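Single-structure report; data block below.
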Amino acid sequence: MAVSVRVRIAPSPTGFAHLGTASTALYNVLFARQQKGTFVLRIDDTDLERNRPEYELLILESLTWLALEWDEGPLRQSERLDIYKEEAAKLLQAGKAYRCFCTPEELEAERKQAQLEKRPYKYSRRCLTNPPEGRGEFAVRFRVPGGEVTFTDMLRGEMKFDADLIGDFIIVKSDGYPTYQFASPVDDALMKITHVIRGEEHLSNTPYQLMVVDGLGYERPVAYAHMPLILAGDGSKLSKRKHPESNLILFRELGYLSEALINYLALLGWNPGTEQEIFTFEQLVQAFSFDRVQHGGARFDWEKLNWINGEYIRKLSLDELTDRLRPFVSQLDEATLRRAIPALQTRLHKLAEAVDYLDFLWTDPPPPAIDADTAQRVKAAIEAVKDVPWDPDSIEAALEKAVADSGVGKGKFYTPLRDTLTGKKVALPIHYCFGLLPKDVALARLARAANLPV
RNA sequence: GGCCCCGUCGUCUAGUGGCCUAGGACGCAGCCCUCUCAAGGCUGAGAUCGCGGGUUCGAAUCCCGCCGGGGCUACCA
């Protein structure tokens, strides 16, 4: 009987959730849904120095926004300290771990020395071979048995690491908290995680964690999948500090649709083997497979995301787009917003751009300086529209007639009108600029610009 | 330094020995449409497949070396 799939994501609340978090979560969810498995959310909050509770909130909020819902959790490592203590005690008792009293300075000196002698650094094991007399603060080190560690990576096949190159590493810090290399494999084992799907930066961490699992006598995960990293535009790895723009909350604020971001992220590093680029989530679940995942990192491309986001915006129904837009233009009344949608829909790449197209509705632009001829045409425009029904189509018909009568081209006729009404060089079609404005406001703006009595 | 991963148009990629004079998408350029900006339609530029050796009748695809990028090597995760 096949064991049911259990996967997890384990972000640490030392910063906002970023693109990498989303990407890893996505692949986990895709696999979980496809295999009818369980997706667990665990918060790896063992870094006392850098953890912040508000970051955890941000992570949950980001994942929820992206609809990457977890089935179990969030479990917090900070609430499982007893477990790690117990597991560490087992290792200590079995002689598979030992107390280390070395100070950071001493360790630093060891490292420097190794570097000086041009030999690869490995902890000297002095606290194992010569346990110091003094008591006091100590960390717990795992006694690396050496030999070879092998495991299967779902992308790369059989991986083999030489454990003789790995020094004894710390599993419990002197503050009593477990390190990542310890807590993570312990939890994965206890939570019966079957497939560890995570970023490629963890590929060479895997042997550490496998040795811990083996040392404890737990069952190993069935397989690992180390997914390609998302790179910044310059090819470097995305980091929270260097790349604040990768904050997922920011994507929401800029007006990216969560399903568009998901679609883009899925394509970044994975490809379906067909030329399809736009996928529903269900289609992704069906189509996803690890053997079509890229092995190398991929740069994040805003342009392509913008295009996909535009595609998604254009697919939305009038009601859906209205709902999505509302938070971005809360100044605007519902009816006006709905009337603007047809003109907006083909123009937006991000929802927030709606503000640039609509803010003339609640912000009076300064009247432009116009010459006598132009004033005449503005006046003609006023005459043309002042008695027509106030909807874009009627306005357009009236204006077209006025243009024909004026003897000048549309561009020459419309440009000063657009300028007067919106104060902008780029705007919605002129009849929308009229129609969205209350009639009296539109006429007043024109009259003022043409220096006419209102 | 050591270990590991990766290397096809600017970017994301297709490609697993002949179908590749290397395909698609984004972006870019031009044209059409057009009151601006988009959207849409059409056309186009853009990769000697990191480099050098092999293997083979034939290599982007296999082998070796080199170079380049990234990751790990923390009492960060």
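Chain naming here is simple, since letters A, B, ... match the order of the sequence lines and numbering starts at 1 in each. Predicted, not measured: the structure shown is a model, and the values here were computed from it.
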Min side-chain heavy-atom separation A:Pro53-A:Pro13 under 4.5 Å: no
Pick base, sugar-phosphate or nothing for [X], based on heavy-atom distances below 4.0 Å to the nucleic acid.
| X | value |
| --- | --- |
| A:Arg292 | sugar-phosphate |
| A:Phe161 | sugar-phosphate |
| A:Gly269 | sugar-phosphate |
| A:Glu49 | nothing |

side-chain contact (heavy atoms from CB on, under 4.5 Å) assessment of A:Lys424 paired with A:Asp359: CA-CA 10 Å; A:Lys424 290 172 195 277; A:Asp359 62 357; 3.0 Å; yes
Below 4.0 Å: OP1/OP2 of B:C6 and any side-chain N or O of A:His295: yes
Same-atom distance (P) from B:U34 to B:G27, integer angstrom: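 These two P atoms come out 23 Å apart once rounded.
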Nearest-angstrom distance, C1' atom, B:G15 to B:A60: 8 Å
Lys NZ or Arg CZ of A:Arg141 over A:Phe169 ring: under 6.0 Å, within 45°: no
Rounded distance (Å) that lies between atom P of B:A25 and atom OH of A:Tyr264: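 Taking OH of A:Tyr264 and P of B:A25, I get 16 Å after rounding.
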Rounded interatomic separation in angstrom, taking NE2 from A:His226 and C1' from B:C5: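 To the nearest whole Å, that distance equals 11 Å.
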Watson-Crick or G-U counterpart of B:U34, or none if no pair lies under 3.5 Å: none
Nucleotide forming a Watson-Crick or wobble pair with B:C26, both distances under 3.5 Å: B:G10
Side-chain H-bond candidate by donor/acceptor type, A:Tyr312 with A:Asn263, under 3.5 Å: yes
A:Tyr121 and A:Glu110 side chains, donor-acceptor separation under 3.5 Å: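 Yes, side-chain donor-acceptor contact under 3.5 Å.
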Partner residues of A:Thr129 under the side-chain hydrogen bond (donor to acceptor under 3.5 Å, both in side chains) criterion, sequence neighbours left out: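 Residues passing side-chain hydrogen bond (donor to acceptor under 3.5 Å, both in side chains) with A:Thr129: none at all.
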Letter per nucleotide, 5' to 3', of nucleotides 29-40 of chain B [B base touched, S only sugar-phosphate touched, - untouched; heavy atoms, 4.0 Å]: ------BBBBSS
Where protein sits on nucleotides 69-77 of chain B, one letter per nucleotide: B base, S sugar-phosphate only, - none, heavy atoms under 4.0 Å: -SBSSSBBB
CD/A:Glu72: more than 12 non-hydrogen atoms of other groups inside 6.0 Å: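 Yes, because the 6.0 Å sphere around CD of A:Glu72 holds more than 12 heavy atoms from other groups.
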